[in-house]
Amino acid sequence: MSSPDSRPRGKNTVLTFREMKREGRPIVAMTAYDHLFARLLHESGVDLLLVGDSLGQVVLGLPSTLPVTLDQMIHHAAAVRRGAPDAFVVLDMPFLTYQVSPAEALRNAGRAMQETGVDAVKVEGGGARVVEAVGRIVDAGIPVMGHVGLTPQSVHALGGYKVQGRGPEAAERVLKEALALEAAGCFSVVLELLPASLSRTVTDALSIPTIGIGAGPDCDGQVLVAYDALGLNERFAPRFLKRFAQLAEEVRSGVSTYVAEVRSGAYPSAEHSFEDEA
Ligand code: KIV
């Protein structure tokens with residue numbers, strides 16, 4: 001399989017993403033939660049698979065990412081790793097697995113790495129506690145992706161899923177957090193729901209790549225939740241989202257045909273049945 005720029009593809013590493021930023025090649029990331037999607041996304045040229053804690057809403061039907069547990073993340077990340085052994089896979093550390101203390105953050109990140117075989121972990125926020133935890137995890141040799149702007153694990157403190165970084169003070173805070181995450185050793189930072197001009201400023205200020213979601217075109221890469229981008233999750237339609245396929249319609253159409261054919265007796269036909277002898 002070759003990437004869209006048709007260079008041969010080895011396994012991506014943290015160095016690949018730095019090089020992509022330096023060369024101005026956009027990094028394409030997508031969420032994956034199971035082995036089949038992981039395989040399809042990797043085969044289609046996605047550079048980085050994120051096992052997001054959006055798992056909670058997208059797959060488990062939970063109201064937010066807050067109830068997602070490390071056990072659930074490990075279960076799904078291990079499946080993603082099995083589906084795409086050569087992909088660069090990032091596991092999103094769930095709520096309260098890295099905020100309590102740096103030692104606990106390292107223990108949990110280490111467990112995530114050991115039990116799944118992922119390549120990196122992701123944490124949300126750029127405050128002092130998270131930055132300290134990042135430093136501890138990175139010191140142990142585990143690559144960490146940061147995440148600033150709209151950080152869904154803090155949805156209650158932020159007052160909803162709103163664009164962040166509007167106004168000079170809020171913008172300054174986002175920039176400071178991103179710089180602190182870089183200084184602590186993050187290999188990249190997700191920028192979520194930010195004004196495009198702020199994302200540009202942050203991207204220019206950092207030497208590590210920024211991966212945007214709802215953060216405009218000037219990030220070093222983009223990430224989307226696969227089920228949203230492929231039109232499986234029709235109820236989620238934020239302004240930043242583009243649907244690149246209409247899978248919900250395809251699913252309904254295929255399932256309706258199956259229902260009709262079973263009811264009419266058209267399926268299974270002789271072609272789909274076995275006889276006593278071959
Ligand atoms: O959990 C997730 O899917 C994420 C992405 C939206 C970046 O954190």
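Just follow the structure's listing: the first ligand is 1, and inside any ligand the first atom is 1.
A salt bridge between Glu249 and Arg243 is absent, with no side-chain N of the basic residue lying under 4.0 Å from a carboxylate O of the acidic one.
Applying the ring pair (Phe, Tyr, Trp, His ring centres under 6.0 Å) definition to pairs two or more places apart or across chains, those involving residues 197-229 are Tyr33-Tyr227, Phe37-Tyr227.
The nearest pair of heavy atoms linking Gly212 to Gln222 is O-OE1, 3.2 Å.
Side-chain atoms of Glu132 never come within 3.5 Å of backbone atoms of Pro102 as a donor-acceptor pair (strictly under, hydrogens ignored). Looking only at distances, a side-chain donor or acceptor of Arg129 sits under 3.5 Å from a matching main-chain atom of Val100.
Under the salt bridge (charged side-chain N to carboxylate O under 4.0 Å, His left out) rule, Lys21 has a single partner from Asp47, Asp204, Asp220, which is Asp220.
Residue-ligand proximity, Thr31 to ligand 1, at heavy-atom distances under 4.0 Å covers atoms 3 (O). Below 4.0 Å from some heavy atom of His147 lie the following atoms of ligand 1, by number and element: 8 (O). Close contacts between ligand 1 and Lys122 involve ligand atoms 8 (O) [criterion: under 4.0 Å to a heavy atom]. For ligand 1 and Ile213, the ligand atoms under 4.0 Å from any heavy atom of the residue are 6 (C). Near Gly52, meaning under 4.0 Å from any of its heavy atoms, are these atoms of ligand 1: 1 (O), 2 (C), 3 (O). Close contacts of ligand 1 with Ser54, meaning ligand atoms under 4.0 Å from a residue heavy atom, involve 1 (O), 2 (C), 3 (O).
If you look at Glu124 next to ligand 1, there are no close heavy atoms at all, none under 4.0 Å. Only the side chain of Asp92 comes within 4.0 Å of ligand 1, counting heavy atoms alone; its backbone N, CA, C and O stay farther away. Contacts of Asp53 with ligand 1, taken as heavy-atom pairs under 4.0 Å, involve both backbone and side chain.
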* To do: Might you work through the side chain to side chain donor-acceptor pair (under 3.5 Å) test for Glu124 and Ser154, ending with a clear yes or no?
  => CA-CA 9 Å; Glu124 290 185 9; Ser154 306; 5.1 Å; no
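For atom 4 (C) of ligand 1, the nearest protein heavy atom (residue, atom name, distance) is Leu50 CD2, 3.7 Å.
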